[in-house]
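Step one of this worksheet: look at the structure below.
Position 1 is the first residue of the sequence; numbering continues from there. The structure displayed is predicted, hence computed values, not measured ones.
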Amino acid sequence: SIAKPVGALRSYLAKLFSGKVYFSLRETIKLIISAFSKRFSAKAGKAEDFFRSAVTGGTRGIGRAIAERFVAEGAKVVINSRNDEKGQRALDEMNAGEDVLFYPGSVTEKEVLEGFVDFTVENFGQLDIMVLNAGGVGDTAPVVDLSDEEWQFELDFNLNHVFRGTRKALWHMVPRK
C-alpha cells in the first residue's frame with residue numbers, strides 16, 4: 001500500500017508550505033515562482049533577472065509542462081532530452097524564441113549533465129532553478145534476471161543524474177548566496 005508514504009508526503013508538504021498543499025502542477029509551479037520572486041525582487045528590483053532554469057526531460061510530459069509554465073511566468077529555460085528531433089519539435093511548439101533553448105544528450109552521462117548546467121549558465125548568465133525531472137526504466141526485470149548493465153542504467157537515470165545535477169547546479173548557485 002502506498003497510503004502511508006503518500007500521507008507522510010502530504011504531512012511534509014503541509015508543514016513545508018505552512019498548511020497549504022498544492023497537488024496540481026500549475027499551483028506547485030506558481031508557488032516556486034512566487035518564492036523566487038519574493039526572495040530575489042528586493043535584490044534586483046525584478047524577479048525575472050534571477051529566474052533562469054534548466055529542466056531535464058523537458059521535451060514532453062511533466063518536464064515539458066514545467067518548462068512551458070516557467071516560460072509563461074517570464075522565465076528563461078533550457079530543456080534537455082536524448083532525442084534531437086523531440087528537442088527541436090518542443091522548441092517549435094513552445095514558440096518562445098530565445099527564452100527556451102535545447103541541450104541534447106542523455107543525463108545518464110555525467111559529462112552531458114554537467115554540460116547541460118554549464119550551457120544554461122553560459123547562455124542565461126546564471127542558474128536559479130534546476131528541475132531534475134528525467135527518469136524511468138529501460139529493460140527492467142526481476143532482480144534475478146536484471147543485468148548489471150540495466151541496473152547501472154537505472155541507477156544513472158534515476159539516482160545518479162539527480163545527485164550529479166544537484167551538485168553541478170550548486171557549484172554555480174552557492175557562490176551567489
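- Other residues, nucleotides and ligands place more than 12 heavy atoms under 6.0 Å from the CH2 atom of W171.
- Between the Q126 side chain and the H172 main chain, no donor and acceptor come within less than 3.5 Å of each other.
- The shortest heavy-atom contact between D84 and P104 is OD1-CB, 2.9 Å.
- Both L146 and L159 are part of a single hydrophobic cluster, where members link through side-chain heavy atoms under 4.5 Å apart.
- For residues 88-101, the salt bridge (Lys or Arg N to Asp or Glu O under 4.0 Å) pairs, not counting sequence neighbours, are R64-E93, K76-D99.
- In this structure, D156 does not pair ionically with K110, as no charged nitrogen and carboxylate oxygen lie closer than 4.0 Å.
- D118 CG to E111 CD: the interatomic distance, rounded to the nearest 0.5 Å, is 12.0 Å.
- When all heavy atoms of E150 and G138 are compared, the closest pair comes out as OE2-N, 3.2 Å.
- Residues satisfying the side chain to side chain donor-acceptor pair (under 3.5 Å) test with T56, not counting sequence neighbours, are H161.
- F70 and F51 have perpendicular rings, their planes meeting at more than 60° on a 0 to 90° scale where under 30° would count as parallel.
- Counting only heavy atoms from C-beta outward, the side chains of T166 and L132 approach each other to under 4.5 Å.
- Applying the side chain to side chain contact (heavy atoms under 4.5 Å, CB included) rule to S106 yields the partners R82, T108, E109; only residues at least two apart in sequence or on another chain are considered.
- Between N160 and Q152, the closest side-chain pair of non-hydrogen atoms falls below 4.5 Å.
- Summarising the geometry of V78 relative to F119, their closest heavy-atom pair is CG1-CD2, 3.8 Å, with the distance given to 0.1 Å.
- With a 4.5 Å cut-off on side-chain heavy atoms, L170 and R167 do not count as touching.
- In this structure a side-chain-to-backbone donor-acceptor pair under 3.5 Å is present from R176 to L127.
- Across all non-hydrogen atoms, the minimal contact from A90 to I79 is CB-CD1, 3.8 Å.
- Residues satisfying the side chain to side chain donor-acceptor pair (under 3.5 Å) test with R164, not counting sequence neighbours, are none.
- Looking at heavy atoms from C-beta onward, F124 lies out of side-chain contact with V77 at the 4.5 angstrom threshold.
- Heavy-atom minimum distance, G57 versus A134: N-CB, 3.9 Å.
- Looking only at distances, no side-chain donor or acceptor of N80 sits under 3.5 Å from a matching main-chain atom of A54.
- F102 pairs by the ring-ring contact (aromatic ring centres under 6.0 Å, His included) definition with nothing, not counting sequence neighbours.
- Contact annotation: the side chain of M130 approaches that of F116 to within less than 4.5 Å [non-hydrogen atoms, C-beta and beyond].
- Residues I62 and L91 share a single hydrophobic cluster, defined by chaining ILVMFWY side chains whose heavy atoms lie under 4.5 Å apart.
- Residue pairs meeting the side-chain hydrogen bond (donor to acceptor under 3.5 Å, both in side chains) criterion with at least one partner in residues 131-140, sequence neighbours excluded, are T140-E154.
- Between G136 and N158 the shortest heavy-atom distance is O-ND2, 2.6 Å.
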